[in-house]
Amino acid sequence: MGAFLIDLLQILFGVIIGAVVGFFGARKYMEKYMKENPPINEQMIKTMMTQMGRTPSQKQVNQMMKLMSKQMK
C-alpha cells in the first residue's frame, strides 16, 4: 500500500510539473510568434479605414500602429 501511494504521488507530481512547464513554454512561444508575426499591419489598417469611408493619412496609420503595439505589450 505504501509503495502504491508513493508511485501515485510521483505520477501526480510529474503531471503538475509538466503542466506548469508546458504553460510557460507555450506562453513564451506565443509571445515570440506574435512579435515576429503581428496580427495586423499597416496595409490592413489602410484597408479598414478605406472601407469605413475614410481616406487615411500616413500619420493616422502610424498612430493606429502605435496603439496596436501598446496593446500587444
Side-chain angles (χ1 to χ4, degrees):
M1 181 72 176
F4 174 73
L5 188 60
I6 290 173
D7 289 341
L8 187 62
L9 287 175
Q10 286 177 342
I11 290 171
L12 186 62
F13 185 68
V15 168
I16 291 171
I17 294 295
V20 169
V21 170
F23 171 77
F24 286 109
R27 186 173 134 198
K28 182 91 169 162
Y29 172 77
M30 285 305 296
E31 286 175 353
K32 180 182 172 201
Y33 179 82
M34 291 301 249
K35 208 175 261 191
E36 292 174 358
N37 304 307
I40 191 163
N41 59 22
E42 288 185 16
Q43 186 61 36
M44 290 179 183
I45 291 175
K46 286 180 185 177
T47 303
M48 180 181 65
M49 291 178 91
T50 303
Q51 288 176 348
M52 290 190 304
R54 299 181 61 189
T55 305
S57 67
Q58 189 61 37
K59 182 179 178 181
Q60 291 172 330
V61 172
N62 290 342
Q63 287 174 339
M64 288 293 288
M65 287 298 294
K66 283 182 184 178
L67 286 173
M68 293 292 186
S69 67
K70 281 184 183 178
Q71 286 190 354
M72 291 298 293
K73 291 181 183 179

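Source: prediction; values computed, not measured. We count residues from 1, following the sequence as given. Because only heavy atoms are used, hydrogens play no part in the values below, and waters and symmetry mates are left out as well, while side chains stay in.
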Starting from Met1, walk the hydrophobic network (Ile, Leu, Val, Met, Phe, Trp, Tyr; side-chain heavy atoms closer than 4.5 Å) and list everyone else you reach, by chain and number. none

Hits for salt bridge (charged side-chain N to carboxylate O under 4.0 Å, His left out) against Glu31, two or more places apart or cross-chain, chain-then-number order -> Arg27

Please report the shortest heavy-atom distance between Ile40 and Met65, naming the atom on each side. O-CE, 4.2 Å

Examine [X] and [Y] and state if one hydrophobic cluster contains both, with Ile, Leu, Val, Met, Phe, Trp and Tyr joined whenever side-chain heavy atoms are less than 4.5 Å apart.
X     : Y     : result
Ile17 : Leu9  : no
Leu8  : Ile16 : no
Met34 : Phe24 : no

Does Asn41 have any side chain to side chain donor-acceptor pair (under 3.5 Å) partners at least two apart in sequence or in another chain, and if so, which? none

Given Pro56, which partner from the list Met64, Gln63, Met49 fulfils the side-chain contact (heavy atoms from CB on, under 4.5 Å) test? Met49

For a 4.5 angstrom cut-off between non-hydrogen side-chain atoms, does Lys46 reach Gln60? no

Let me confirm one number: the OG1-CE distance from Thr47 to Met52, rounded to the nearest 0.5 Å. 11.0 Å

